[in-house]
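Remarks on the structure that follows.
Lettering of chains follows the sequences in order, A, B, ..., and the numbering in each one begins at 1. Just so you know, these numbers come straight off a predicted model, no measurement behind them.
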Protein chains: 2
Amino acid sequence: MEKMKIKMLYADIKSDIEVIENELEQALNSSSHLLNDASVHLLQAGGKRIRPVFTLLSAKFGDYNIDRMKNIAVPLELIHMGSLVHDDVIDNSDMRRGRETVKAQWNNRVAMYTGNFIFARALQYVTSIENPRAHQILAKTMVELVNGEVIQIEDKFRLDQSLKDYFRRIKRKTALLIESSCELGAVVSGADEKTARHLKRYGYFVGMSFQIVDDILDFTATDKQLGKPAGSDLMNGNVTLPILLMKDDPQLAPYLTKVAVAGLTEEERQNMLALVRNSEAIKEATHISNLYLKKALKEIEALPKHPMKKKLRDIALFMGKRKS
Amino acid sequence: MEKMKIKMLYADIKSDIEVIENELEQALNSSSHLLNDASVHLLQAGGKRIRPVFTLLSAKFGDYNIDRMKNIAVPLELIHMGSLVHDDVIDNSDMRRGRETVKAQWNNRVAMYTGNFIFARALQYVTSIENPRAHQILAKTMVELVNGEVIQIEDKFRLDQSLKDYFRRIKRKTALLIESSCELGAVVSGADEKTARHLKRYGYFVGMSFQIVDDILDFTATDKQLGKPAGSDLMNGNVTLPILLMKDDPQLAPYLTKVAVAGLTEEERQNMLALVRNSEAIKEATHISNLYLKKALKEIEALPKHPMKKKLRDIALFMGKRKS
């Protein structure tokens with residue numbers, strides 16, 4: 001992530017993002033040393049806080065009040081953080097964003113409960129929101145999110161899956177939480193129905209584009225940029241868009257067979273990466289991501305005139321065009 | 001569990017418990033085959049549904065309506081079920097109630113997400129409850145529950161822990177959810193403050209007594225009665241009341257040392273069990289459990305005259321005196 005660039009994008013809500021950051025710190029406080037250590041570790045790892053940003057920007061279309069909005073922005077980020085901690089267990093990941101994961105620094109069990117603790121804290125924040133619809137949206141999002149994680153297990157190493165399977169999976173894994181971040185910003189701030197609907201759809205399309213870019217970067221970025229080995233997705237059995245678009249390539253076939261049964265050697269990983277990077281699949285996947293991005297921008301056009309429209313546009317473009 | 005006896009205790013709310021059972025089945029329905037299989041597995045394993053029973057009986061002190069009460073009774077049981085699935089991961093348990101656990105039949109990852117899915121479903125039920133206090137109680141309970149699970153990891157194989165550490169742990173692990181089941185029954189049904197407070201305290205004391213009995217039975221019951229090897233707690237590093245009360249026994253010392261470093265052989269397990277079963281510690285632990293039971297019964301006395309008081313008394317006695 002180009003940190004400078006993203007800071008500029010956040011400039012309007014800088015002090016409010018700091019409020020969120022402080023709240024996150026407080027939220028992760030517990031009477032257990034182990035949980036505190038794991039939480040500090042997570043907070044220091046940082047993150048783009050993109051979900052709170054979407055919530056706050058969306059809330060600007062309604063009656064904006066940071067003290068109210070933090071009670072929905074914080075749990076959205078917590079749910080994201082908790083699911084990352086659990087994902088590292090399932091993906092057996094030792095590194096994330098260039099740091100050791102909770103499961104690597106401690107173990108799977110600590111990671112499981114750290115995730116649970118973060119989810120429970122998220123829940124605690126939400127209790128102070130009186131809007132029943134907000135609760136329903138959030139609860140449904142959590143159910144679908146977890147459902148998506150299980151589907152990800154079911155689809156692991158499955159090369160017979162369709163593009164539809166892939167889109168269904170990334171919708172649940174990523175797009176839904178970003179969609180809800182936007183929708184909840186609108187709903188909790190009392191923005192009108194039509195605005196809330198467009199913001200929700202904007203979030204969905206941005207989320208889809210964002211995840212596809214993520215899945216492309218997993219092949220095209222360097223180990224250093226990713227903070228973990230490039231090609232990790234495939235090596236963990238997560239069959240993503242670039243692979244689905246070139247799975248019949250006879251040159252790739254031996255790697256796809258071997259990755260599922262014995263894993264790849266370092267040399268094989270490099271060869272596989274070179275193959276994917278030079279394939280048409282990367283261009284095609286980028287094209288598909290851009291289609292989602294365009295749909296997102298179209299939703300912004302449909303929103304009422306507002307200074308934040310440009311911000312939403314800039315962030316979508318930034319997320320959809322990023323190089324790392 | 002003496003199944004006949006417990007059925008008699010539930011007689012008054014039999015049809016309502018069936019409503020809960022059906023709702024649980026529906027709640028665990030998902031679009032993932034894996035989740036459905038794991039859920040059916042869990043439902044078939046059954047359980048005493050003791051938390052919903054406490055909720056429904058407590059609700060009888062207010063304006064009882066099963067359609068409203070199920071929205072709190074179901075999530076309470078779901079939270080319990082989800083935490084059991086996660087506990088089996090942490091305890092590395094292959095058997096529970098005489099059946100293979102989710103983590104044994106599938107694996108730790110499936111168990112983790114099955115637990116998450118169940119928690120998320122619980123949350124979805126709660127959204128239909130409009131009482132903000134109910135949300136707060138439930139969220140706080142979940143935070144403390146998970147906190148307790150982490151403390152359980154921290155305290156594993158620690159023989160230098162105090163009785164206070166143990167009581168703090170079982171409070172969070174067990175008593176709190178039973179306390180909340182009673183309190184939420186009262187709060188959601190609109191029972192008066194004083195009644196809610198006594199029911200809450202009743203639940204806490206019953207929960208403490210229940211867990212101590214559970215920890216005693218882990219040593220004194222047979223493998224068959226337990227549906228898993230007797231002594232599992234100690235073998236998993238969970239230092240419970242009987243052990244804390246006899247940890248300075250020179251005869252027990254070699255087993256305590258060995259269990260932490262290499263585990264016990266079958267012969268050593270049998271010898272350890274014989275030692276604990278014949279110790280004063282079992283009597284002392286039973287005495288402490290009975291003290292909690294008495295406190296629970298005292299809370300019932302303080303409740304307003306009501307036909308359900310006898311039921312609460314019978315269930316407390318049943319739970320506190322059970323032999324398996």
To the nearest 0.5 Å, how far apart are CG in A/N116 and CG in B/N116? 6.0 Å
Does CZ belonging to B/R201 count more than 12 external heavy atoms closer than 6.0 Å? no
How far does CD of A/E130 sit from CD of B/E130, to the nearest 0.5 angstrom? 11.5 Å
Which atom of A/H86 lies closest to which atom of B/M112, heavy atoms considered: O-CE, 3.1 Å
Side chain, backbone, both or neither: which part of A/F119 has a non-hydrogen atom closer than 4.5 Å to chain B? side chain
So what's closer than 4.5 Å to chain B heavy atoms on A/R172: side chain, backbone, both or neither? side chain
Which of these, A/V146, A/V150, A/I153, sits in a side-chain contact (heavy atoms from CB on, under 4.5 Å) with B/S32? A/V150
When only heavy atoms count and the cut-off is under 4.5 Å, which of residues 131-139 of chain B reach chain A? B/H135, B/Q136, B/A139
Mind checking the CD-OG1 spacing from B/E149 to A/T114? Nearest 0.5 Å is all I need. 11.5 Å
If you count heavy-atom pairs under 4.5 Å between each of B/Q124, B/M142, B/H33 and chain A, which one has the most? B/Q124
Would a 4.5 Å heavy-atom cut-off, applied to side chains only, mark A/D87 and B/Y113 as touching? yes
